[in-house]
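Down below is the structure, laid out as structure tokens.
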Amino acid sequence: MSRIGKRPITIPAKVQVAIDGTKVVVKGPKGELARELPTQVTVSQEGETLLVNRRDDSRTSRQMHGLSRTLVANMVEGVSQGFQRRLEIQGVGYRAQVQGRNLVLNMGYSHQVQIEPPDGIQFAVENNTNVIVSGYDKEIVGNTAAKIRAVRKPEPYKGKGIRYAGEVVRRKAGKTGKSGKK
């Protein structure tokens, strides 16, 4: 039995869950999420908890069991509390700012890079170098943060670029001069 899949999901007081066959709809104060789950798993609600069970012990059912439970748990957490991803910008002259809903990055290119947020995503900037991506869908928050990081990935020689908060960038040794003369 999947250790993750057999754990029950507690539903907070402000969250409503509707189950229609394999479709799960979760509504909360932050928004509404819906997802079609694989046919190998079933979702049942017992009081203030959700249980995800698999239909049989086939290989695909076992694979989908823990995944489906995690997806539903992320939906419940997202509509009740939300998710956020923090990014740090390092480098002289590199900075970020919010204009309207868009994020504007100055990353050493000849132009500014504008990133428009998808629905349900908000940008915040602290000290011109810390970007916070927040929203209620964990998948979209992560994808948006990855797109921002891809604008200028941290390079290994000086460490300049955009990195996730807490990310460790392995540094390389630079060039060495000639050791002797001819």
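The analysis underlying the following values was restricted to heavy atoms, covering all of them including side chains, and did not include hydrogens, waters or symmetry mates.
- In this structure, Val52 and Leu37 have side chains that are not in contact, with every pair of non-hydrogen atoms separated by 4.5 Å or more.
- Counting only N and O atoms by type, the side chains of Asn127 and Thr129 include no donor and acceptor under 3.5 Å apart.
- Looking at heavy atoms from C-beta onward, Val76 lies in side-chain contact with Pro12 at the 4.5 angstrom threshold.
- Donor-acceptor pairing under 3.5 Å is lacking for the side chains of Glu116 and Asn102.
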(request) Any chance you could lay out the side-chain contact (heavy atoms from CB on, under 4.5 Å) test for Phe123 and Val133, step after step, and finish with the verdict? (result) CA-CA 5 Å; Phe123 294 131; Val133 181; 3.9 Å; yes
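- Contact record, Thr22 with Thr39: CG2-CA, 4.2 Å, taken as the closest heavy-atom pair.
- We find the NE2-OG1 distance between His65 and Thr70 to be 10.0 Å, quoted to the nearest 0.5 Å.
- The shortest distance between side-chain heavy atoms of Arg85 and Ile148 does not fall below 4.5 Å.
- Atoms CD and NZ, from Gln90 and Lys158 in turn, are 13.5 Å apart once rounded to the nearest 0.5 Å.
- The two residues Pro118 and Thr144 come nearest to each other via the heavy atoms CG-OG1, 3.7 Å.
- Separation of atoms CD (Gln97) and CG (Leu105) is listed at 9.0 Å; rounding is to 0.5 Å.
- Here the side chains of Ile115 and Val151 are in contact, with some heavy-atom distance below 4.5 Å.
- Between Arg35 and Val24 the shortest side-chain heavy-atom distance does not fall below 4.5 Å.
- A 4.5 Å side-chain heavy-atom check between Lys160 and Glu155 finds at least one atom pair inside the cut-off.
- Within a 6.0 Å sphere centred on CZ of Arg59, other residues, nucleotides and ligands contribute 12 heavy atoms or fewer.
- Counting heavy-atom neighbours within 6.0 Å of Tyr109 OH, excluding the residue itself, gives a total above 12.
- Within the 4.5 Å cutoff, the side chain of Glu77 has no heavy atoms near those of the Lys138 side chain.
- A salt bridge is defined here as a Lys NZ or Arg NE, NH1 or NH2 lying under 4.0 Å from an Asp or Glu carboxylate O, and Glu167 with Lys153 fails to meet this definition.
- Side-chain contact check for Met64 versus Arg54: every heavy-atom pair is 4.5 Å or farther apart.
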